[in-house]
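Below, all heavy atoms of this structure are taken into account, side chains as well, without hydrogens, waters or symmetry copies.
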Amino acid sequence: MVLSMENIKKYKDLTAEEKKAICNGCGGKGSFVPVPNFRFKASCNHHDYNYFLGGTEKDRLKADTQFLEAMILDAGLNGNLFRRIFYKFWAYIYYFAVRIFGKKYFNYND
């Protein structure tokens, strides 16, 4: 991988190559379950990066909470009321999915 833990960058500063190596949109990297990106691809990619950075269980909760907040913002963009409600519903589904199933994808470290 191009990016190592020694030269951590902010997500916005990653190169396209680094993002491709770390991020895969919504769903666990290498998972056999396809997950639609809806409006959340950028939020999912940023969440992937936070999981790559890893840390403690507290860091994982923070990453997941930031993920939910970003998806809620994404859900409120454009569209009619029905679409905004639809996407907010899915934002919470994705949040609960990462809380339940995301542990194996998080880079736990000291």
Side-chain angles (χ1 to χ4, degrees):
M1 177 168 309
V2 176
L3 187 66
S4 69
M5 295 305 287
E6 289 78 41
N7 62 351
I8 299 301
K9 300 178 179 183
K10 291 186 177 186
Y11 176 77
K12 67 181 180 75
D13 297 327
L14 295 176
T15 66
E17 182 181 296
E18 290 167 336
K19 285 181 183 178
K20 185 177 179 182
I22 297 168
C23 307
N24 69 305
C26 299
K29 197 163 197 166
S31 174
F32 63 92
V33 179
V35 178
N37 284 304
F38 293 125
R39 294 181 178 196
F40 307 133
K41 187 170 185 177
S43 296
C44 289
N45 282 339
H46 198 155
H47 184 252
D48 289 345
Y49 183 60
N50 286 336
Y51 265 44
F52 166 79
L53 293 177
T56 65
E57 186 60 32
K58 185 177 177 180
D59 296 316
R60 180 173 169 249
L61 177 60
K62 181 180 176 184
D64 292 347
T65 302
Q66 288 173 343
F67 179 46
L68 175 61
E69 291 168 354
M71 289 187 297
I72 294 293
L73 287 175
D74 291 341
L77 298 174
N78 306 320
N80 60 34
L81 179 62
F82 174 77
R83 285 183 185 267
R84 291 193 307 265
I85 292 169
F86 173 81
Y87 288 121
K88 282 184 183 182
F89 167 80
W90 280 105
Y92 281 97
I93 297 295
Y94 282 25
Y95 170 77
F96 288 117
V98 298
R99 290 305 303 152
I100 294 167
F101 302 110
K103 193 171 195 155
K104 73 178 186 176
Y105 297 100
F106 189 78
N107 183 19
Y108 285 97
N109 54 58
D110 297 336

Interatomic spacing from [atom1] in [X] to [atom2] in [Y] - rounded to 0.5 Å:
| X | Y | atom1 | atom2 | value |
| --- | --- | --- | --- | --- |
| Asp64 | Phe106 | CG | CZ | 8.0 Å |
| Tyr95 | Ile100 | OH | CD1 | 10.0 Å |
| Leu53 | Tyr11 | CG | OH | 12.0 Å |
| Leu14 | His46 | CG | NE2 | 8.5 Å |
| His47 | Leu68 | NE2 | CG | 10.0 Å |
| Asp13 | Glu18 | CG | CD | 9.5 Å |

Partners of Phe38 by ring-ring contact (aromatic ring centres under 6.0 Å, His included), sequence neighbours excluded? Phe86, Tyr87, Trp90
Who pairs with Phe40 by ring-ring contact (aromatic ring centres under 6.0 Å, His included), at least two apart in sequence or on another chain? Tyr94
Would you find a donor on one side and an acceptor on the other, under 3.5 Å apart, between the side chain of Asn45 and the backbone of Cys23? no
Does atom NZ (Lys19) have a neighbourhood of more than 12 heavy atoms from anything else shown, all under 6.0 Å? yes
Does atom NZ (Lys29) have a neighbourhood of more than 12 heavy atoms from anything else shown, all under 6.0 Å? yes
Any chain of hydrophobic side-chain contacts (each under 4.5 Å) joining Val98 to Tyr108? yes
If hydrophobic clusters are built by linking Ile, Leu, Val, Met, Phe, Trp and Tyr wherever their side-chain heavy atoms come under 4.5 Å apart, do Val35 and Phe101 end up in the same one? no
Given Ile85 and Phe89, is the side-chain contact (heavy atoms from CB on, under 4.5 Å) satisfied, shown in steps? CA-CA 6 Å; Ile85 292 169; Phe89 167 80; 5.5 Å; no
Taking the six-membered ring of Tyr49 as reference, does the cationic atom of Lys12 (NZ for Lys, CZ for Arg) lie under 6.0 Å from its centre and within 45° of its axis? no
Any heavy-atom pair between the side chains of [Y] and [X] that's under 4.5 Å?
| X | Y | value |
| --- | --- | --- |
| Asp48 | Phe52 | no |
| Asn50 | Arg60 | no |
| Asn80 | Arg83 | yes |

Which atom of Ser31 lies closest to which atom of Tyr105, heavy atoms considered: CB-OH, 3.6 Å
Is there a disulfide between Cys26 and Cys44 in this structure (defined here as SG atoms under 2.5 Å apart)? yes
Stepwise side-chain contact (heavy atoms from CB on, under 4.5 Å) test for Glu69 and Ile72: CA-CA 5 Å; Glu69 291 168 354; Ile72 294 293; 5.7 Å; no
